[in-house]
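First the structure, in the form of structure tokens, and then the observations on it.
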Amino acid sequence: MKILVIGGSYFFGRVFVMQAAGEHDVTVLNRGTYSMEGLGARQITGDRKDVSVWKGCTQDYDVIVDFCAYEKGDIARVLGNLPGNIGQYIFISTVDVYERGNGGNGKKDEETPFEQRMFPGEAGAYIAGKTALEREVTEECAKRNIRYTVLRPAILYGPFNYAPRESEYIRMMVQNGVLPRITGAAGRFQFLYVKDAAKAVMRCLLNETACGQAYNLCGDEVLTYDLFLDGLKGAADLEVQEIPISCEQAGERGIPLPFPVTEAETELYSNEKSKRELGMVYTGFPEGMAKTYRAFKGVFG
């Protein structure tokens, strides 16, 4: 199978390329920050906003997997300028597209209405962009008789995640021997182990069941900061000192609070459709965090 990956050098995309390149003919198109050839993929260097980049991609591709479409027009530009034939377009969206504000009262499934409000800042732009692109992939693929699938991951974690989330807490454990114990946080959230996310993409490739469908991707557990930190401590193979610290103190000291802190921020999601139609079995949080800890210990040690 010939696959064109857009993005693909950072975290989720990288892990997917590592899995897919062993089974398929993979080409990665990105800005060339990291070489992908060592992973067994071809690489095209270019900016996705440059129309000439797409016009130069003259081959046919069975599947395009798009990891880095963020703004309205990103998908239309690709499909409007590629000269070759495309069998399927897989768009990596987010669970953040759903209407917000239920405080975790029930899990949102794929039929939940989208958020229509415009929130300020980068987070608001991100949500608005992904929401617009979900409509765009449907419309642009319909014009060209291309099959499409949308994947909506929850909070990703795992090896190669250098965003200041679990990796920052692991760094503090390994380098400083401390683990902040966040107090007063009532928020709940769901994680997605990155290798499970990559497996979901693999299971969608030219899968007739997945065509025209969207899927939430998230683990079975509902976590809190206490459960997250318990998982980290359980994964550690060294002695760490727990330091109780309030959310306010964490902010003052530059300790990241990357997950929902309050119950009002809580948004939960159903993964039943992905399990039923894609056969997904999600890695349990203790197992996934143990693998993540081992990967980052080698980096920070």
Side-chain angles (χ1 to χ4, degrees), residues 1-71 73-94 129-130 133-134 136-137 140-141 144 146-153 156 158-163 192-207 210-211 213-215 217 278:
M1 192 181 304
K2 292 188 68 172
I3 302 172
L4 176 63
V5 175
I6 307 174
S9 64
Y10 179 79
F11 194 32
F12 181 5
R14 185 178 186 86
V15 173
F16 169 73
V17 171
M18 291 168 70
Q19 289 190 15
E23 301 180 31
H24 303 289
D25 182 349
V26 178
T27 299
V28 178
L29 191 152
N30 59 27
R31 288 178 291 184
T33 304
Y34 301 102
S35 173
M36 306 301 292
E37 294 179 354
L39 302 180
R42 296 183 180 86
Q43 187 158 6
I44 300 172
T45 301
D47 190 324
R48 69 175 300 148
K49 297 186 183 301
D50 183 352
V51 170
S52 66
V53 169
W54 303 113
K55 290 184 176 180
C57 295
T58 57
Q59 297 188 45
D60 296 339
Y61 291 100
D62 297 300
V63 184
I64 292 177
V65 185
D66 193 343
F67 287 95
C68 66
Y70 298 113
E71 299 176 357
D74 279 352
I75 294 174
R77 187 182 305 108
V78 175
L79 294 179
N81 291 285
L82 275 173
N85 295 313
I86 307 301
Q88 180 190 18
Y89 202 104
I90 298 178
F91 168 50
I92 308 302
S93 183
T94 172
K130 289 292 190 181
L133 286 164
E134 289 225 17
E136 186 168 296
V137 73
E140 294 296 326
C141 287
R144 298 168 175 82
I146 297 172
R147 293 167 289 185
Y148 73 90
T149 304
V150 175
L151 297 177
R152 299 170 183 155
L156 283 157
F160 302 106
N161 185 14
Y162 295 103
L192 173 63
Y193 186 52
V194 67
K195 292 186 179 180
D196 290 344
K199 184 188 303 180
V201 181
M202 294 286 286
R203 293 190 176 188
C204 289
L205 298 173
L206 296 185
N207 179 346
C211 291
Q213 299 297 319
Y215 297 96
L217 304 178
L278 301 179

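Sequential numbering from 1 along the given sequence is applied to the chain's residues. Computed from a predicted structure; not experimentally measured.
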The test is side-chain contact (heavy atoms from CB on, under 4.5 Å); show your working for Ile92 and Val201 and say whether it passes.
CA-CA 9 Å; Ile92 308 302; Val201 181; 4.1 Å; yes

Ile6 pairs by side-chain contact (heavy atoms from CB on, under 4.5 Å) with which of Ile75, Asn30, Val78, Val65?
Val78

Please examine the side chains of Lys195 and Gln19, heavy atoms only from C-beta on, and report whether any two atoms are closer than 4.5 Å.
yes

Determine yes or no for a side-chain-to-main-chain donor-acceptor pair under 3.5 angstrom, with Arg203 supplying the side chain and Leu278 the backbone.
yes

With heavy-atom distances below 4.5 Å as the criterion, would you say the side chains of Tyr89 and Cys211 are in contact?
no

Calculate, to the nearest 0.5 Å, the distance between atoms OG1 and CG belonging to Thr94 and Leu133 respectively.
12.0 Å

Passing candidate, side-chain contact (heavy atoms from CB on, under 4.5 Å) with Ile90, options Asn207, Ile3, Leu151
Leu151

Closest heavy-atom pair, Cys57 versus Ile44, reported as atoms and distance to 0.1 Å, is SG-CD1, 4.0 Å

Say whether, by atom type as modelled, one donor and one acceptor occur between the side chain of Asp74 and the main chain of Glu71 under 3.5 angstrom.
yes

Work out which heavy atom in Cys68 is nearest to a heavy atom in Asp66; give both atom names and the distance.
N-OD1, 3.1 Å

What one should report as the nearest heavy-atom pair of Pro83 and Lys55 is CG-O, 3.7 Å

Can Leu29 and Val5 be said to form a side-chain contact (heavy atoms from CB on, under 4.5 Å), step by step?
CA-CA 6 Å; Leu29 191 152; Val5 175; over 6 Å; no

First locate atom OH of Tyr61, then atom CD of Gln88, and finally report the distance between them rounded to the nearest 0.5 Å.
16.0 Å

Closer than 3.5 angstrom, by distance alone: can the side chain of Arg42 be matched with the main-chain N or O of Met36 as a donor-acceptor pair?
no

Tyr215 OH to Thr149 OG1 distance, which is reported to the nearest 0.5 Å
7.0 Å

Quick check: closest heavy atoms across Tyr148 and Cys141, and the distance to 0.1 Å?
CB-SG, 3.7 Å

Restricting to side chain to side chain donor-acceptor pair (under 3.5 Å), what partner residues turn up for Gln213, sequence neighbours left out?
Lys273

Straight-line distance of Asn85 CG to Arg144 CZ, nearest 0.5 Å
12.5 Å

State, to 0.1 Å, how close Leu4 and Trp54 come at their nearest heavy-atom pair, and which atoms those are.
CD2-CZ3, 4.2 Å

In this structure, CE of Met1 is separated from CG of Asp62 (nearest 0.5 Å) by 6.0 Å

Return the CG to CZ distance between Asn161 and Arg14, rounded to the nearest 0.5 Å.
13.0 Å

Looking only at the aromatic ring of each residue, does the gap between the centers of Phe67 and Phe12 stay below 6.0 angstrom?
yes

Is the closest side-chain heavy-atom distance between Leu206 and Arg147 below 4.5 Å?
yes

Going through the distances and angles, do Arg77 and Val51 end up as a side-chain contact (heavy atoms from CB on, under 4.5 Å)?
CA-CA 7 Å; Arg77 187 182 305 108; Val51 170; 4.1 Å; yes

For the pair Glu134 and Lys130, find out whether any cationic side-chain nitrogen is under 4.0 Å from an anionic carboxylate oxygen.
no

So do Ile86 and Asp60 actually touch side chain to side chain, heavy atoms under 4.5 Å?
no

side-chain contact (heavy atoms from CB on, under 4.5 Å) for Val194 and Phe160? Distances and angles first, verdict last.
CA-CA 9 Å; Val194 67; Phe160 302 106; over 6 Å; no

Testing the basics here: between Ile64 and Leu82, what is the closest heavy-atom pair and its distance to 0.1 Å?
CD1-CD1, 3.6 Å

Quick one, Val53 and Asp47 - any side-chain contact, counting heavy atoms below 4.5 Å?
no

